[in-house]
S.K.: 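Shown below is the structure under consideration.
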Amino acid sequence: MASRAVLFTFLLLSTAAVLYATGLNARTAQTLAESSLESTALALSTSAETALRAGEEIRDILSDRVVAYALIAGESGTVLFHTNPELVGTKLGEKGLREWLRSGKTYGRRVRLGTGLPAYEFNYLLHGPGGKVEILRLVLHTAQADRILSDARKMWWTVGAVLLLLWAVGIALERVLTRHLRLQAEVERRERLALIGQMTATLAHEIRNALGSVKGYTQWVDEKVEEEDPRKKALGIVLRGTERIETLVNDLLLFSREENYSIEPVDPASLLKETVAAAASGWAGEVEVKTVPGISALADPDKLRRILLNGVRNAIQAMGERGVLKITALPEGHRLVIRIEDTGPGISAAELPRLFSPFHTTKTDGTGLGLAYSKKVIEGMKGGIELSNREEGGAVLAIRLPIPGEG
């Protein structure tokens with residue numbers, strides 16, 4: 001359905017766009033948080049360097065509440081200044097310190113304090129007179145930057161909830177739209193069938209009246225003609241033709257009329273027994289019937305009997321003189337499913353979608369109204385009917401009917 005494809009395409013594109021924008025915002029927030037830490041550390045470092053060159057006290061500069069601690073160390077790693085005076089004179093026990101001093105690069109990194117709290121370590125080189133180089137290390141609290149990242153992570157939950165709501169509304173809308181279109185199509189189909197039914201009933205009555213005269217006169221002439229008369233054969237052909245037309249007219253009237261249903265619990269076992277006795281009597285093939293004792297279905301018994309007779313006859317005609325006819329009536333969920341299976345040649349894939357269409361038939365002498373009538377009546381009894389091929393060969397007609405007391 002085009003509307004369904006458009007709706008789901010819109011949902012997918014919207015989801016992709018929202019996720020992309022959210023991911024971009026999250027990366028931007030992370031970049032801003034890291035840049036904020038680096039900018040703060042760099043500003044404090046340059047202020048400290050300026051104060052040192054001017055011979056001023058730097059303790060006030062480094063006492064900012066964002067600073068966890070700060071130190072100045074010589075090239076050997078000996079701590080010359082520390083915001084904790086007790087640590088002055090200790091040594092930095094880091095590997096690669098001299099190599100970093102030679103590189104002359106400033107860098108920052110994420111670390112953890114001894115208390116387990118996250119922090120940002122910024123290493124800055126102080127260049128003094130005579131080429132003297134010292135290390136300024138600032139360790140900053142990252143609470144504000146982490147709050148930005150936390151808000152960015154929370155944004156994913158918000159976006160997830162919005163997308164979930166969007167998809168829920170989209171799926172609900174799709175179901176409502178599909179149901180509306182299905183009901184609209186069903187109404188149009190019923191109106192079309194009603195119109196066809198009215199036209200068919202009128203035509204059928206007119207044809208039946210004219211055919212009655214033709215058949216009656218032909219039968220009268222046939223009775224008057226001697227058996228050895230060559231016209232006897234031609235009259236027989238005419239009579240068979242009128243009978244064929246009469247059958248078609250009767251099927252048309254049956255299909256076109258408005259059905260009234262007498263729904264009641266029906267015992268499938270007894271109904272199938274009657275059907276097999278009427279339709280498979282004298283057939284040389286094998287018949288298997290399986291039912292569940294005590295199970296029943298809600299249906300009009302007379303109409304269901306007609307449909308079962310048609311289904312069994314179709315299966316026997318498909319198999320010919322020999323074969324296995326398997327009939328089952330078993331509960332499946334809230335439905336009783338009656339299956340009529342044969343071991344015939346099956347149905348071509350091209351024919352399957354059109355089998356329940358009026359006037360479509362695969363038989364040379366068929367009217368194409370048997371399955372169409374069956375579908376009309378079964379659906380009128382709140383059931384369903386389908387015809388398919390068996391994996392092991394042959395076809396299966398499945399009739400689904402409500403079970404009394406089930407929803």
Side-chain angles (χ1 to χ4, degrees), residues 1-49 61-62 64-70 94-96 99-100 103-125 135-186 188 353:
M1 187 184 295
S3 58
R4 178 181 295 177
V6 170
L7 178 60
F8 279 103
T9 300
F10 169 75
L11 288 174
L12 288 172
L13 290 176
S14 300
T15 302
V18 170
L19 290 176
Y20 175 77
T22 304
L24 191 62
N25 288 337
R27 286 194 296 272
T28 302
Q30 185 172 6
T31 302
L32 287 174
E34 297 298 326
S35 297
S36 173
L37 288 171
E38 186 176 353
S39 299
T40 301
L42 186 60
L44 289 172
S45 299
T46 54
S47 297
E49 185 177 26
I61 297 173
L62 301 178
D64 193 292
R65 63 182 180 178
V66 76
V67 179
Y69 68 87
E94 300 174 10
K95 296 180 180 180
E99 287 77 2
W100 171 66
S103 70
K105 292 181 180 179
T106 297
Y107 75 94
R109 62 177 181 172
R110 287 272 186 167
V111 296
R112 281 198 174 272
L113 300 176
T115 58
L117 294 175
Y120 179 78
E121 178 186 289
F122 186 75
N123 294 283
Y124 184 83
L125 293 181
I135 303 165
L136 171 62
R137 174 171 293 174
L138 294 176
V139 178
L140 308 180
H141 293 296
T142 60
Q144 292 183 349
D146 290 341
R147 190 175 299 115
I148 296 174
L149 296 177
S150 177
D151 291 341
R153 284 191 291 269
K154 289 178 182 177
M155 184 169 55
W156 281 105
W157 289 99
T158 304
V159 168
V162 170
L163 288 177
L164 185 62
L165 179 62
L166 177 66
W167 275 89
V169 171
I171 291 173
L173 179 63
E174 186 272 334
R175 290 189 176 180
V176 170
L177 181 61
T178 300
R179 188 171 183 272
H180 172 72
L181 293 176
R182 189 185 300 118
L183 290 175
Q184 186 178 16
E186 179 63 19
E188 292 176 355

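In this chain, numbering begins with 1 at the start of the sequence shown. Nothing here was measured: the structure is a model prediction, and the numbers come from that model.
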S.K.: Work out which heavy atom in Thr142 is nearest to a heavy atom in Pro118; give both atom names and the distance.
M.R.: OG1-O, 3.4 Å
S.K.: Begin with the C-alpha distance, continue with both residues' side-chain angles, and end with the deciding distance and a verdict on side chain to side chain contact (heavy atoms under 4.5 Å, CB included) for Leu177 and Glu174.
M.R.: CA-CA 5 Å; Leu177 181 61; Glu174 186 272 334; 5.7 Å; no
S.K.: Apply the side-chain contact (heavy atoms from CB on, under 4.5 Å) test between Arg175 and each candidate in Leu173, Ile171, Thr178; give the one that qualifies.
M.R.: Ile171
S.K.: Measuring from Glu34:CD to Tyr120:OH, what's the distance to the nearest 0.5 Å?
M.R.: 7.0 Å
S.K.: Exactly one of Leu138, Leu44, Thr46 should register a side-chain contact (heavy atoms from CB on, under 4.5 Å) with Tyr124. Which one does?
M.R.: Thr46
S.K.: What pairs meet the salt bridge (Lys or Arg N to Asp or Glu O under 4.0 Å) rule with one or both residues in residues 142-164, with sequence neighbours excluded?
M.R.: Arg110-Asp146
S.K.: Enumerate, atom names and distances included, each donor-acceptor pair closer than 3.5 Å involving a side-chain atom of residues 11-29, sequence neighbours excluded.
M.R.:
{"from": "Ser14", "atom 1": "OG", "to": "Phe10", "atom 2": "O", "distance (Å)": "2.7"}
{"from": "Thr15", "atom 1": "OG1", "to": "Leu11", "atom 2": "O", "distance (Å)": "2.7"}
{"from": "Thr15", "atom 1": "OG1", "to": "Trp167", "atom 2": "NE1", "distance (Å)": "2.8"}
{"from": "Thr22", "atom 1": "OG1", "to": "Val18", "atom 2": "O", "distance (Å)": "2.7"}
{"from": "Asn25", "atom 1": "ND2", "to": "Ala21", "atom 2": "O", "distance (Å)": "3.3"}
{"from": "Thr28", "atom 1": "OG1", "to": "Leu24", "atom 2": "O", "distance (Å)": "2.7"}

S.K.: Using the rule given for side chain to side chain contact (heavy atoms under 4.5 Å, CB included), can you reason through Leu32 versus Ile148, listing the C-alpha separation, both sets of side-chain angles and the distance that settles it, and then say yes or no?
M.R.: CA-CA 9 Å; Leu32 287 174; Ile148 296 174; 5.6 Å; no
S.K.: Indicate whether the side chain of Ser45 and that of Glu49 have a donor and an acceptor atom separated by less than 3.5 Å.
M.R.: no
S.K.: Which residue, Leu136, Thr106, Leu37, Val139, forms the side-chain contact (heavy atoms from CB on, under 4.5 Å) with Phe122?
M.R.: Thr106
S.K.: Using the test ring-ring contact (aromatic ring centres under 6.0 Å, His included), find all partners of Tyr69 that sit at least two apart in sequence or belong to another chain.
M.R.: His82
